[in-house]
Participant: 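Dumping the structure here so I can ask a few things about it.
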Amino acid sequence: MLLVAVAALRIWQYHWRQGAALIGGALLVAAVLRAALPDEQAGLLTIRSRFVDVLSYAGFGLLILFVALTITGGPLG
């Protein structure tokens with residue numbers, strides 16, 4: 001959650017690419033934690049089965065990183 005809070009701050013400061021990259025990174029960290037921790041310690045990272053959770057977190061994280069790193073131009077720079 002700390003990574004997401006820092007990302008929100010960066011987005012609020014008009015550094016949306018850095019914020020989006022941090023959110024993508026936070027999702028990748030969540031995927032690694034969900035894969036490494038047992039179900040009892042995973043807490044709120046546990047939504048469905050371990051495989052589905054890791055696949056979802058990693059997929060969304062990579063997608064957000066891809067979008068943040070490839071979009072050029074536009075009103076936000």
Side-chain angles (χ1 to χ4, degrees):
M1 289 304 293
L2 180 63
L3 285 172
V4 175
V6 171
L9 177 66
R10 294 304 290 163
I11 292 170
W12 183 71
Q13 295 172 337
Y14 298 104
H15 296 287
W16 69 271
R17 279 182 218 229
Q18 292 174 7
L22 282 170
I23 290 173
L27 284 167
L28 292 176
V29 168
V32 170
L33 289 174
R34 179 63 176 111
L37 294 174
D39 289 339
E40 297 81 27
Q41 291 182 339
L44 294 176
L45 292 175
T46 304
I47 299 172
R48 301 212 183 267
S49 70
R50 181 183 309 263
F51 177 76
V52 172
D53 287 344
V54 171
L55 186 66
S56 298
Y57 288 136
F60 286 131
L62 290 173
L63 181 66
I64 290 172
L65 277 174
F66 175 77
V67 170
L69 298 175
T70 58
I71 292 181
T72 60
L76 298 176

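Along the sequence shown, residues carry numbers from 1.
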Participant: Please check if Val32 and Leu55 belong to a single hydrophobic cluster, counting links between Ile, Leu, Val, Met, Phe, Trp and Tyr side chain heavy atoms closer than 4.5 Å.
Facilitator: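 They do not share one cluster, since no chain of ILVMFWY contacts under 4.5 Å joins Val32 to Leu55.
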
Participant: Can you name the side chain to side chain contact (heavy atoms under 4.5 Å, CB included) partners of Leu62, sequence neighbours left out?
Facilitator: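 Only Leu28 meet the side chain to side chain contact (heavy atoms under 4.5 Å, CB included) criterion with Leu62.
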
Participant: Applying a strict under-4.5 Å side-chain criterion to I, L, V, M, F, W and Y, I'd like to know whether Leu45 and Ile64 cluster together.
Facilitator: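 Shared cluster, yes.
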
Participant: At their closest point, which heavy atom of Ala20 faces which heavy atom of Ala68, and how far apart are they?
Facilitator: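 Looks like CB-CB, 3.7 Å.
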
Participant: With side chain to side chain donor-acceptor pair (under 3.5 Å) as the rule and sequence neighbours excluded, what pairs involving residues 53-63 come up?
Facilitator: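 Sorted pair list: Arg34-Asp53.
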
Participant: Look at the side-chain heavy atoms of Ile, Leu, Val, Met, Phe, Trp and Tyr, link any pair under 4.5 Å apart, and say whether Val4 and Leu65 land in one connected group.
Facilitator: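 Different clusters.
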
Participant: List the atom of Ala7, the atom of Ile23, and the distance in Å for their closest heavy-atom pair.
Facilitator: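 Minimum heavy-atom contact is CB-CG1, 3.5 Å.
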
Participant: Identify, with sequence neighbours excluded, every residue that meets side chain to side chain contact (heavy atoms under 4.5 Å, CB included) alongside Val67.
Facilitator: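 For Val67, the residues satisfying side chain to side chain contact (heavy atoms under 4.5 Å, CB included) (neighbours in sequence not counted) are Ile71.
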
Participant: In Å, rounded to the nearest 0.5 Å, how long is the span from CG of Leu27 to CG of Leu22?
Facilitator: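 Between Leu27 CG and Leu22 CG, I get 11.5 Å after rounding to 0.5 Å.
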
